[in-house]
Amino acid sequence: MATVRIGMVGCGRMGNVHAGLLEKIPEAQIVATCDILPDRAEKMAAKWKARPYTDHRAMLAAEDLDAVYVCTPTRTHAEIVLNAARKGCHIFVEKPFTMDLADAYRAAEAVRQAGVIGCVAYHWRYVPFLAEAERLLQGKPVSLVVAHWYWSKPPIEWLRDRHEGGGQMVDQVTHLVDLCRHFGGEVEEVYAAYSERAYPPGEFNNWDGYAVTLRCANGTVGSVYSTYALFYTVRDEPSVDIIARDLLLRIRPKELEIQTPKETRVLLEEAPHHEHVNRAFVQACAQGRPDLIKTPMDEGLVSLAITLAANESAVRGRPVRMAEFLAEAKTRAGLA
Ligand SMILES: NC(=O)c1ccc[n+]([C@@H]2O[C@H](COP(=O)([O-])OP(=O)(O)OC[C@H]3O[C@@H](n4cnc5c(N)ncnc54)[C@H](O)[C@@H]3O)[C@@H](O)[C@H]2O)c1
């Protein structure tokens, strides 16, 4: 069994979530850790008997790594992905892929040129019950997708600022938008309206109400709405509804509910969030199997693009056509 030697960049909340799950995967070995806060890198390094760094370039120069996890604030992802790809490392990057779509194009291109495996961590896509949803939808045109996420101000300080976190669509609801795309089809046009009314000026530099309409190229339509105005203990779970003739599929974090005129049944998921995506990535690296990755860089790029287009639509007050939005970023990336 091949060992996958991993460098963990960003030893904060998500870095520790993934490290905890990697402990259960025998092929995974964290051999280096990196965080600009030395105590965070050292704490994780001590647990894994790894070497700690405060600069990812120093880590890449000194270590012989198979894979790099990028779990730093979103604005820093692109540079770390580019440098890791140039060193020939497989890359697991947290969603959202980047903050700027041109950076996503450049990073995805670097991964492609290096011929390494890339994975954007859309963990909802790896939950086994999705296979049943896909089976039930075979041959059935999707009429409507509806997604929602009610939440509070994010617990992490930098994420609260829309310029750093991107706002709720980009940072959090991106998981649901990714599922809407996966089941509904490629999005052709996005229209969004956001509000900023729940908090007094200066308290929260972000939108707190989000209403987004999606139109897919195949004719499916979608509605995505969310809020940062509530509180952590709110009794409501995020969900994605996929609706076809006589079929309602409701995806929640730990269950898939299936309703037809003949039956209602629920498939449960017991594994912790993020477990399946970590297993898929480590197996893909250990076995040289990019086909195990459901969310490679190009997929992560498009899901990011829809949420950035929603922000653009909300700011400009007009619909955004995805083809133009993507082409503009590709040109800025120098790849058109
Ligand atoms: N998949 C999910 O469900 C999920 C959930 C939450 C956050 N995220 C994403 O994960 C990423 C990290 O978020 P988080 O909540 O763990 O943030 P965090 O602030 O808890 O952790 C980020 C860590 O990166 C370190 N860091 C910052 N710049 C760095 C750099 N240049 N090099 C090395 N280390 C650096 C920070 O010191 C910090 O320890 C973000 O992109 C976020 O959007 C994903």
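Both counts, for ligands and for their atoms, begin at 1 and track the order of listing. As the structure is a computational prediction, the values presented were derived from the model and not from experiment.
The nearest protein atom to atom 30 (C) of ligand 1, hydrogens excluded, is given as I36 CG2, 3.7 Å; this is a heavy-atom distance. Closest to atom 6 (C) of ligand 1, if we only count protein heavy atoms, is R13 NH2, 3.2 Å. Taking atom 22 (C) of ligand 1 as the reference point, the nearest protein heavy-atom neighbour is C71 O, 3.6 Å. Regarding atom 37 (O) of ligand 1, its nearest protein heavy-atom neighbour is D35 OD1, 2.6 Å. What sits closest to atom 19 (O) of ligand 1 on the protein, heavy atoms only, is W158 NE1, 2.8 Å.
In the hydrophobic clustering of ILVMFWY residues, with side-chain heavy atoms under 4.5 Å counting as a link, V320 and V302 come out together.
Of all the heavy atoms of T54, none lies under 4.0 Å from any atom of ligand 1, so neither backbone nor side chain is involved. Only side-chain heavy atoms of H123 come within less than 4.0 Å of ligand 1; its backbone N, CA, C and O stay farther off. At a 4.0 Å heavy-atom cut-off, ligand 1 touches H175 through the side chain alone. Contacts between T72 and ligand 1 below 4.0 angstrom, taking non-hydrogen atoms only, involve backbone and side chain alike. Proximity of R40 to ligand 1, defined as any heavy-atom pair under 4.0 Å, is confined to the side chain (atoms from C-beta onward). By the criterion of a heavy-atom distance under 4.0 Å, neither the backbone nor the side chain of D55 is placed next to ligand 1. The part of H274 lying near ligand 1 is the side chain, judged by heavy-atom distances below 4.0 Å.
In this structure, F92 and H18 have perpendicular ring planes: the angle between them is above 60°, well past the 30° mark. Between H175 and Y122, the ring planes are perpendicular. Angles over 60° get that label, and only those under 30° would be called parallel. By the 30° and 60° cut-offs, the orientation of the rings of Y194 relative to W207 is perpendicular.
Under a cut-off of 6.0 angstrom, the local environment of NZ in K43 is sparse, with at most 12 non-hydrogen atoms contributed by other residues, nucleotides or ligands.
A donor atom on one side chain and an acceptor atom on the other are found under 3.5 Å apart for E109 and Q113. One side chain, N278 or Y69, offers a donor N or O that lies under 3.5 Å from an acceptor on the other.
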Apply the test salt bridge (charged side-chain N to carboxylate O under 4.0 Å, His left out) to residues E94 and R13: give CA-CA distance (whole Å), side-chain angles for both, the deciding distance (0.1 Å), then the verdict.
-> CA-CA 11 Å; E94 261 304 345; R13 185 173 54 151; over 6 Å; no
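Every N/O-N/O distance between T76 and ligand 1 stays at or above 3.5 Å. By the 3.5 Å distance cut-off applied to N or O atoms, M14 is counted among the residues near ligand 1.
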